[in-house]
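These notes are about the structure you will find just below.
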Amino acid sequence: MAPPAPSVQEATIHSNYGEKYADVNWDELGFSLTPTDYMFEMKCFQGEEFSQGNLIPYGKIELSPAAAILNYGQGLFEGLKAYRREDGHIVLFRPEQNAMRMKMGAERMCMPSPSVEQFIDAVKQTVLANKRWVPPPGKGSLYIRPLLMGSGSILGVAPAPEYTFLVYTSPVGNYYKGIGTPINLIVEDKLHRATPGGAGGVKTIANYSPVLQALTQAKSKGFSDVLFLDAKTGQNIEEVSACNIFIVKDKIISTPATLGTILPGVTRKSIIDIALDFGFQVEERVIPVEELMDADEVFCTGTAVVVNPVGSVTYQGIRVEYKTGVEAVSQKLCAMLTGIQTGRIEDNMGWTVEID
Ligand SMILES: *Cc1c(COP(=O)(O)O)cnc(C)c1O
């Protein structure tokens with residue numbers, strides 16, 4: 001009898017290990033999963049602290065059917081990117097921000113969390129172990145996905161007795177069609193993403209399936225994504241399913257304030273700082289949907305989407321179009337952000353962390 005064929009993943013590790021680049025068509029990268037060689041795993045019991053984790057081959061994990069994450073959604077994720085600069089060094093962008101956000105989210109979800117140092121160290125180890133999957137400069141980035149979950153079994157609704165922190169990666173290109181390609185949004189006026197007192201302000205896994213109905217409906221009608229309104233009044237814009245939103249009117253840049261129902265994006269925060277540095281007036285406040293419809297320019301921010309111009313918004317059957325292209329404010333902000341991330345522009349903000 002023939003020996004069992006090695007799994008695809010083992011075969012890749014053995015055939016290509018040590019080569020500078022993995023066998024990937026770097027020009028065709030989108031935002032889909034390309035499994036890499038290793039992932040990081042660290043476990044701890046409730047009431048204890050995470051102490052020691054390690055790299056293991058990327059692959060399936062074992063969970064009890066009664067795991068808290070499967071039954072009650074006790075889980076959080078993060079998302080950040082590693083870039084290969086022109087000079088060959090690999091950098092992370094503000095990883096401590098993701099680490100701190102995971103800590104805040106863990107508190108909300110009654111989970112122990114890795115310390116900021118443990119989080120950054122795990123991310124570094126995972127990226128370095130998967131170095132050959134970091135795209136060449138200008139071809140994309142290595143998306144890093146830390147996960148924190150209640151992995152222990154529990155039958156009644158309560159915090160899990162055991163927790164697992166995992167980090168895996170995937171090389172990615174653009175989230176939407178092409179970088180700089182304007183997206184078309186539809187404002188959702190019935191379904192909501194988050195409520196006051198809920199968990200919209202943390203990156204819990206439980207926030208994403210509830211947007212799928214609106215998202216798939218929007219996509220079937222040809223829209224790129226959905227813009228949600230606040231649940232209390234239904235009058236004010238909040239955010240898109242996985243990115244934050246900004247409007248520009250008469251050179252003033254505004255974005256909804258993060259008061260618990262909006263995910264405080266690292267890209268959002270960075271773009272605010274870049275805009276202030278450029279001398280723009282930036283306002284974090286309540287933004288009625290009417291102001292969105294009257295804006296000169298609209299754009300979205302997020303680790304996955306970076307800075308994406310919005311070409312049009314449709315609300316209750318009315319479609320408005322916005323300024324996009326090289327003259328747009330978002331272009332200028334995007335160029336500065338990506339310049340810093342990729343090393344083309346000197347990082348005076350101290351945002352990039354060289355890891356090799
Ligand atoms: C992750 C996420 C963002 C963007 O956050 P970044 O830190 O910039 O990646 C915005 N909104 C939602 C709902 C998100 O999940």
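Computed from a predicted model, the values in this text were never measured in an experiment. Numbering of ligands and ligand atoms starts at 1, following listing order.
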Exercise for the section: For atom 3 (C) of ligand 1, grab the closest protein heavy atom and report residue, atom and distance to one decimal in Å. Expected result: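 Going by distance alone, atom 3 (C) of ligand 1 is nearest to Ala242 O, 3.5 Å.
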Problem - Nearest-neighbour protein heavy atom for atom 8 (O) of ligand 1, which is reported as residue plus atom name and distance - result: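 Protein heavy atom at minimum distance: Thr267 OG1, 2.6 Å.
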State plainly whether the residues [X] and [Y] are in salt-bridge range, i.e. N to O under 4.0 Å.
X	Y	result
Glu96	Arg101	no
Glu239	Arg193	yes
Asp87	Arg85	yes
Asp225	Lys219	no

Give the numbers and elements of all ligand 1 atoms closer than 4.0 Å to a heavy atom of [X].
X	result
Thr303	6 (P), 7 (O), 8 (O), 9 (O)
Val266	6 (P), 7 (O), 8 (O)
Arg101	5 (O), 6 (P), 7 (O)
Arg193	13 (C)
Glu239	10 (C), 11 (N), 12 (C), 13 (C)
Ser241	13 (C)
Tyr208	13 (C), 14 (C), 15 (O)
Gly265	5 (O), 6 (P), 7 (O), 8 (O)

Practice task
Please determine if Lys203 has a nitrogen or oxygen closer than 3.5 Å to a nitrogen or oxygen of ligand 1.
Solution key: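 Yes, since at least one N or O of Lys203 sits under 3.5 Å from an N or O of ligand 1.
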Practice task
Can you establish whether the number of heavy atoms outside Lys43 located under 6.0 Å from its atom NZ is more than 12?
Solution key: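 Result for NZ/Lys43: enclosed.
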Exercise for the section: Please say whether more than 12 non-hydrogen atoms of neighbouring residues, nucleotides or ligands are located less than 6.0 Å from CD in Glu49. Expected result: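 Count not over threshold, so no.
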Exercise for the section: Flag the pair Tyr38 / Tyr58 as yes when their ring centroid distance falls below 6.0 Å, and as no otherwise. Expected result: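 No, the ring of Tyr38 stays outside the 6.0 Å limit from the ring of Tyr58, centre to centre.
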Handout entry: Pair Phe31 and Tyr143, ring centroids less than 6.0 Å apart
Key =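 Yes, the ring of Phe31 comes within the 6.0 Å limit of the ring of Tyr143, centre to centre.
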Practice task
For Gln97 and ligand 1, answer yes if some heavy atom of the residue is under 4.0 Å from a ligand atom, otherwise no.
Solution key: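 Heavy atoms of Gln97 never come under 4.0 Å of ligand 1.
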